[in-house]
Amino acid sequence: MGEEFSLEHRFQAYIDAENKIEPKDWMPENYRKTIVRQMSQHAHSEVVGMLPEANWITRAPSLRSKLILLAKVQDEGGHGLYLYSAAETLGVSREQMIDDLLQGKAKYSSIFNYPTLNWADMGAIGWLVDGAAIANQVMLCRTSYGPYARAMVRICKEESFHQRQGYEIMMHMAAGTPEQKAMAQDALNRWWWPALMMFGPADAASPNTAQSMAWKIKRKTNDELRQEFVDKTVPQATFIGLTVPDSHLKWNEVTGHYDFGPIDWEEFTQVVKGNGPCNKERLAARNKAHQEGQWVRDAATAFAKKQQARAAAPVSATNPSAA
Amino acid sequence: MTQPDTWPLWEVFVRSKNGLAHKHSGSLHAPDAETALKSARDVYTRRSEGISIWVLPSSSIVASSPDEKEPLFAPSDDKPYRHPTFYDIPDEVGHM
């Protein structure tokens, strides 16, 4: 007990001095658990996040936009890989994490349980959803767990294109025909509030925040990140002539921030609980893709075994003329 | 007399400080992993270059062939849309 106390003390002092924790370093069991949970949920979000956009690859309005969307979805798959690998440095197995996701035991970002109804949603997702993710991920580049921070640096470098391509879509649609502009506005209306919910519960309702901040896993609270996102995004909407769907939204001269209206936390809770518009569909799609990919994994394993057997076999055995 | 050259070759990776990834420093010959680690410490961290070392048998590294450079890496040259600079975002919008 005494030793544990002093170890935790040293751990905290080490973190307070802005040092990174690496896989073989001693860490409190709860730090390990928190990091594993956060990294695996983050990885799941990248993987499930491919689904709403993949829905539109075959219906992209031009070859250019199709190539871009393909490249973006491909990036998200890669981001999932970096994060699963970072989680594996703490001894959890990839199979276990994926199994938890497929069985519906693991969480992923609530935003991906909303449907993508039309092409404007591809713009709104890139601009708002990736924008919100970037705010969170830029902070996580300085998280205290080394492998997580390094994965984040790599991801952030790649994310910038995601947000810019989304905003470009919105910009073009907002400057297009009245119908196109209406579509862009409709997409903003539908994605704005779910995007704000991506940052998680309000600080007052988030019991884990204090510990995560003390361990420097998080560097900013949910509310701080949310405010940052609002301040940055509102002028971007105004610039292309779209209106943020919040009647309470107002610039506050005193605080130097935008005030915004109350978030419907009941909706958030329902989506997290599995009752969002697409929870079942997403999980079913993930399971279907996993099952339908089984033969590829089997074939790759069989091929590798065959190659090994061939390499190990004596020369005469592989030479038909010797038989 | 021993024949050091019959000892396997090991690749040495050094982490200079926590938070940074291990980086390739060089290689050395050693009869086993434990000795390789000790030798790596003596050879590659004499001037406080590191705080953590990885060694692994050079034979376990699978490398791409220089002959395949073109087919492997050229395809990404014609995909400028993977870069943020491909998109024209007006300066007024701010950093994105």
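In what follows, every chain begins at residue 1, and chains take the letters A, B, ... in the order their sequences are listed. Every heavy atom of this structure was used, including side-chain atoms; hydrogens, water molecules and symmetry mates were not.
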| Electrostatic pair B:Arg82:A:Glu158 at N-O distance under 4.0 angstrom | no
| said: Using heavy-atom distances under 4.5 Å, tell me whether A:Ile134 contacts chain B through its side chain, its backbone, both, or neither. | reply: neither
| said: For A:Asp25, which atoms come within 4.5 Å of any heavy atom of chain B: side chain, backbone, both, or neither? | reply: side chain
| Ionic contact status for A:Glu22 with A:Arg150, cut-off 4.0 Å | yes
| request: Give, as side chain, backbone, both or neither, the part of A:Tyr14 having an atom under 4.5 angstrom from any heavy atom of chain B. | output: side chain
| said: Taking side chain to side chain contact (heavy atoms under 4.5 Å, CB included) as the criterion, tell me which of A:Tyr82, A:Tyr84, A:Tyr145 meets it with A:Met39. | reply: A:Tyr145
| query | Is any side-chain N of the basic residue among A:Lys72 and A:Glu168 closer than 4.0 Å to the acidic one's carboxylate O? | reply | no
